[in-house]
Asker: 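Pasting a structure below so you can have a look.
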Amino acid sequence: DRFEACESEYTFPSNFEFGVATAAYQIEGAWDVAGKGENIWDFLTHNRRELIVDGSNGDIACDSYHKTEEDVQLLSDLHVDVYRFSLSWSRLLPGGHANFTNPDGIRYYNELINALILKGIKPMITLFHWDLPQPLQEIGGWPNPYIADIFVDYADIAFNLFGDRVKDWITFNEPYQICAEGYSTGRLAPAYTQEGIGGYLCGHTLLLAHAKTYHLYQKDYKPTQNGKVGITIHGAWAEPATDSAEDRLSADTYVRMYFGWFAHPILSQTGDYPQIMKDMIRDKSATQGFSKTRLPEFTNEEIEMIKGTADFVGLNHYTSTVCSGSDDLIDAKPSHQNDRIGTCSQPPEWEGGASSWLKVAPWGFRKILNWIKDEYDNPEVIITENGYSDTGDLEDCARIRYFNEYLGALLEAIHEDNCNVVGYMAWSLMDNFEWIHGYTERFGLYHVDFSNPDRPRTAKMSSYVYRNIIDTRKIDTSFTVGDFGTC
Ligand code: PNW
């Protein structure tokens with residue numbers, strides 16, 4: 001059970017890498033400074049303000065664009081080995097295309113990378129964390145297959161500019177969220193609602209863009225730069241409500257059609273989308289009167305081209321869900337939800353964070369890690385995000401408990417189950433713009449005062465707890481910090 005997990009005497013291996021993660025749009029601000037182009041989050045927050053719960057935007061956010069030295073100092077104070085951040089595509093290539101590179105974007109990321117290296121912190125770059133250049137949206141965004149090669153051009157420029165110093169690359173952050181939320185449910189930019197159609201077209205382009213980028217790196221950069229390229233996939237665990245075959249199938253299908261949508265083509269022996277996903281969408285599409293399946297199909301060459309294109313798999317994990325029920329074709333409108341089997345939800349009694357979807361279930365972390373190990377022959381995994389939201393208290397005891405419990409579950413997965421996890425990034429370095437939830441949900445180890453134009457950062461209690469874990473490689477549930485009370 002979860003309390004046992006945090007009493008763990010296991011330690012993190014000495015070469016295990018700890019870090020924190022952020023994303024450009026959520027922290028940088030400076031949205032139109034020094035030649036930066038407009039992206040889909042600038043556009044959405046400025047033009048569809050009603051979609052953001054507090055009507056806010058990332059125009060200034062944490063103002064990290066102007067605080068390179070200060071933020072690198074925070075990272076140094078935390079004793080992290082790695083800092084995972086994303087590049088703003090529009091800051092580097094204002095129009096999205098490779099024909100014009102913005103010198104100020106190059107300067108800004110060079111200064112950040114150099115400052116990190118000076119402090120002994122390894123930069124890990126996410127090429128795409130949701131902020132597509134608006135001009136590329138205007139030609140259709142990710143459902144347009146031509147965007148794949150435009151992305152590869154952008155990646156090429158980034159490898160070329162920064163790859164001498166950056167050895168850890170992530171192509172995409174959470175393709176499921178980019179596609180299903182951006183083009184199907186409409187909960188993320190560009191907030192399109194082509195349910196059951198747009199998301200699959202988007203996913204198809206992303207997989208091709210990812211694989212082509214991987215091969216570009218192998219061919220042109222790996223021989224001289226010798227880094228690694230991976231992809232970050234969001235993976236919630238789905239637990240069957242009961243032991244019935246029906247509930248187990250419902251939960252299994254959830255994991256395969258969510259995490260597996262992007263993991264299977266890249267990590268499995270056979271490649272391509274998961275069989276159950278192809279079957280479900282083909283059958284439902286036929287019933288719904290479509291002439292062919294709504295899930296695009298890869299050619300055999302494409303299947304081979306995508307297979308094996310990850311030196312590591314990044315896992316973003318926060319929570320779990322419970323699934324039950326059988327396939328129900330009655331009133332099945334096209335949607336990703338209806339393409340799965342049964343329904344999934346989180347029991348109301350589960351303790352939760354400020355984000356409605358974030359319920360605390362550390363045992364699910366261990367289970368998804370074991371599922372990945374068993375399904376894909378124990379690939380190298382880096383936890384690229386894990387964290388807890390509240391409303392911003394400095395004495396953030398619930399966050400501390402969350403980290404202790406989830407890291408305890410991770411220790412068990414490493415030591416008892418042999419899961420090949422080599423690194424862990426906490427989300428997030430500091431409170432930031434939490435997408436459609438604006439500044440109402442806070443994930444930071446550092447507090448940011450968004451009412452102060454200077455955006456001062458203040459260490460929360462959890463930052464000291466996390467530093468102690470990094471220093472000692474152990475979880476100490478009784479760890480306390482001088483100025484704070486006890487949890
Ligand atoms: C991640 N879920 O998204 C993103 O990568 C971050 O940018 C974001 O700030 C962070 O989590 C916190 O929300 C998620 O459905 C998307 O469980 C979906 C889920 C969780 C996180």
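All values below come from the heavy atoms of this structure, side chains included, with hydrogens, waters and symmetry mates left out. Atoms within a ligand are numbered from 1 in the order they appear, just like the ligands themselves.
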Asker: Which residues satisfy the ring pair (Phe, Tyr, Trp, His ring centres under 6.0 Å) test with H79, sequence neighbours excluded?
Answerer: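 Partners of H79 under the ring pair (Phe, Tyr, Trp, His ring centres under 6.0 Å) test: none.
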
Asker: For residues W357 and Y318, establish whether the separation of their ring centroids is below 6.0 Å.
Answerer: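 Yes, they do, as the ring centres are separated by less than 6.0 Å.
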
Asker: Which salt bridge (Lys or Arg N to Asp or Glu O under 4.0 Å) pairs, counting each pair once, include a residue from residues 183-204, with sequence neighbours left out?
Answerer: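 For residues 183-204: E181-R187.
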
Asker: Is the shortest distance from a Lys or Arg side-chain nitrogen in E385 or R84 to a carboxylate oxygen in the other one below 4.0 Å?
Answerer: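 Looking at R84 together with E385, the answer is yes, because their closest N to O distance falls below 4.0 Å.
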
Asker: Let me know which protein residues bring a heavy atom to under 4.0 Å of ligand 1; chain then number is fine for ordering.
Answerer: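 Only Q26, H129, W130, N173, E174, Q177, H234, Y258, N316, Y318, T319, W357, E385, W427, E434, W435, F443 have heavy atoms that fall under 4.0 Å of ligand 1, ordered by chain and number.
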
Asker: Does the cation-pi check pass for R455 over F450, that is, NZ or CZ under 6.0 Å from the six-membered ring centre and within 45° of its axis?
Answerer: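 No, cation not above the ring by the 6.0 Å, 45° rule.
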
Asker: With E138, which residues qualify under side-chain contact (heavy atoms from CB on, under 4.5 Å), at least two apart?
Answerer: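 Applying side-chain contact (heavy atoms from CB on, under 4.5 Å) to E138 gives Q134.
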
